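Values below: all heavy atoms of this structure, side chains included; hydrogens, waters and symmetry mates excluded. A quick note: this is a predicted structure, and the numbers were derived from the prediction, not measured.
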Amino acid sequence: PPTESLVRDMLSASPLPREVVVGRMEPLKGTVTVEKIAANAVMAGCQPDYFPLLLAAVKAVLQPQFHVGSTACTTGGAAPVIIVSGPLAEQVRINSGTACFGGNVKANATIGRALRLTMRNLGGAKPGGMEKSTLAWPGKISMCFAEAEARCPWQPFRIDRGFSNDQTTVSVLATRGLIGITEGVQDTG
């Protein structure tokens, strides 16, 4: 539960004061404050050092071009996917490799879950109400991973977007599922 002491601990990692209004969450236009995001982070099981990443993700879905109300309420079951690129991803141990979508790493599972709870609790996108996914998919619960920079043959996504190598970026996009891609070039087990 988001007790006062746990929310206070979460807010200790915030770059913004608790009363700052970050925006209005569609579809019901709920007021999103830093403190309310922190309460949802506590309910999701986040550690305080994850909070700046969650705050960035919430700010991202509140951008008009993300269309958070449409993402939250579509019958197609779209869900936000958080991609963290940069040194903070490694520092808080966000998985970027094997089973990174499996929910078996606390940072991945709880940051994604905290964003979904924020959308649900502050925006009103709840099953049986404004949430209209026909079947949905597990990404509606949590979807967060880090860019696997050490394994990629190209430069990090944040560099492509004009940020420096020492910065950490959080990108959020809406998706409706996964397509499995299998590497099959090995000749032996």
Problem - Atom CD of Glu4 with >12 non-hydrogen neighbours under 6.0 angstrom - result: no
Practice task
Give a yes or no on whether a salt bridge exists between Glu131 and Lys140, defined as a side-chain N under 4.0 angstrom from a carboxylate O.
Solution key: yes
Exercise for the section: State the CD1-CG distance between Ile82 and Leu173, to the nearest 0.5 angstrom. Expected result: 10.0 Å
Exercise for the section: Please check if the side chain of Thr74 supplies one atom and the backbone of Ser70 the other of a donor-acceptor pair under 3.5 Å. Expected result: no
Handout entry: Any donor-acceptor N/O pair, Gln63 side chain to Lys59 backbone, under 3.5 Å
Key = yes
Handout entry: Reported CD1-to-CG distance for the pair Ile141 and Leu117, which is rounded to 0.5 angstrom
Key = 10.5 Å
Problem - Donor-acceptor contact below 3.5 Å, side chain Arg18 vs main chain Leu11 - result: no
Problem - Main-chain N/O of Val68 paired with Thr71 side-chain donor or acceptor, under 3.5 Å - result: no
Handout entry: Pairwise distance CG(Leu16) to CZ(Phe51) - rounded to 0.5 angstrom
Key = 8.5 Å
Handout entry: Side chain to side chain, Met119 and Pro80, heavy atoms closer than 4.5 Å
Key = yes
Practice task
Scan for ring-ring contact (aromatic ring centres under 6.0 Å, His included) pairs involving residues 140-170, sequence neighbours excluded, and state none if there are none.
Solution key: Phe101-Phe145
Problem - Test item: side-chain donor near acceptor, Gln167 and Thr169, under 3.5 Å - result: no
Handout entry: Spacing of Gln155 atom CD and Glu147 atom CD [to the nearest 0.5 Å]
Key = 9.5 Å
Problem - Closest non-hydrogen atom pair, Lys106 against Gly45 - result: CE-O, 2.9 Å
Exercise for the section: Group every Ile, Leu, Val, Met, Phe, Trp and Tyr by side-chain heavy-atom contacts under 4.5 Å, then state whether Val42 and Val92 land in the same group. Expected result: yes
Problem - Derivation of the side chain to side chain contact (heavy atoms under 4.5 Å, CB included) call for Cys100 and Val105 - result: CA-CA 8 Å; Cys100 69; Val105 174; over 6 Å; no
Problem - Closest contact, heavy atoms only, Ala125 versus Cys73 - result: CB-SG, 4.4 Å
Practice task
State plainly whether the residues Lys36 and Glu19 are in salt-bridge range, i.e. N to O under 4.0 Å.
Solution key: no
Fill in the blank from the handout: In terms of heavy-atom contacts, Asn108 and Ser142 come closest through O-OG, 3.3 Å
Practice task
Please test Val22 against Ile37 for side chain to side chain contact (heavy atoms under 4.5 Å, CB included), starting from the C-alpha separation and ending with a verdict.
Solution key: CA-CA 9 Å; Val22 179; Ile37 298 168; 4.1 Å; yes
Problem - N/O donor-acceptor pair under 3.5 Å between Lys132 side chain and Gly129 backbone - result: yes
Problem - Nearest atoms (heavy-atom pairs only) where Cys144 meets Ile94 - result: SG-CG2, 4.4 Å
Handout entry: Atom pair CG (Leu28) and CE (Met130), whose distance is rounded to the nearest 0.5 Å
Key = 5.5 Å
Exercise for the section: Give a yes or no on whether the backbone of Ser85 and the side-chain of Glu149 come within a donor-acceptor separation of less than 3.5 Å. Expected result: no
Problem - In one Ile/Leu/Val/Met/Phe/Trp/Tyr side-chain cluster, 4.5 Å: Val84, Leu54 - result: yes
Problem - Minimum side-chain heavy-atom gap Pro127-Arg120 below 4.5 Å - result: yes
Handout entry: Any side-chain heavy-atom pair of Leu53 and Thr168 under 4.5 Å
Key = yes
Exercise for the section: Verify, without hydrogens or angle tests, whether Asn40 (side chain) and Met43 (backbone) share a donor-acceptor contact under 3.5 angstrom. Expected result: no
Practice task
May I have the step-by-step check of side chain to side chain contact (heavy atoms under 4.5 Å, CB included) for Glu90 and Arg93, ending in yes or no?
Solution key: CA-CA 5 Å; Glu90 188 173 331; Arg93 295 190 204 102; over 6 Å; no
Completion exercise
In short, Ala114 meets Cys46 closest at the heavy-atom pair CB-SG, 3.8 Å
Practice task
Using the rule that two of Ile, Leu, Val, Met, Phe, Trp, Tyr join whenever any of their side-chain heavy atoms come within less than 4.5 Å, decide whether Ile111 and Met10 are in one cluster.
Solution key: yes
Problem - Atom of Asn95, atom of Thr98 and distance for their closest heavy-atom approach - result: ND2-O, 3.0 Å
Exercise for the section: Any chance you could measure Thr110, atom OG1, to Leu115, atom CG, to the nearest 0.5 Å? Expected result: 12.0 Å
Exercise for the section: Verify the distance criterion only: is there a donor paired with an acceptor across the side chains of Asn165 and Arg158 at less than 3.5 Å? Expected result: yes
Exercise for the section: Establish whether Val34 and Tyr50 are linked, either directly or via other cluster members, by ILVMFWY side-chain heavy-atom contacts under 4.5 Å. Expected result: yes
Exercise for the section: State yes or no: do Val170 and Leu88 share one hydrophobic cluster built from I, L, V, M, F, W and Y residues joined by side-chain heavy-atom distances below 4.5 Å, directly or via other members? Expected result: yes
Practice task
Please report the C-alpha distance between Leu62 and Glu26 in whole Å, then the side-chain angles of each, then the deciding distance to 0.1 Å, and finally whether the side chain to side chain contact (heavy atoms under 4.5 Å, CB included) criterion is met.
Solution key: CA-CA 8 Å; Leu62 290 172; Glu26 297 286 342; over 6 Å; no
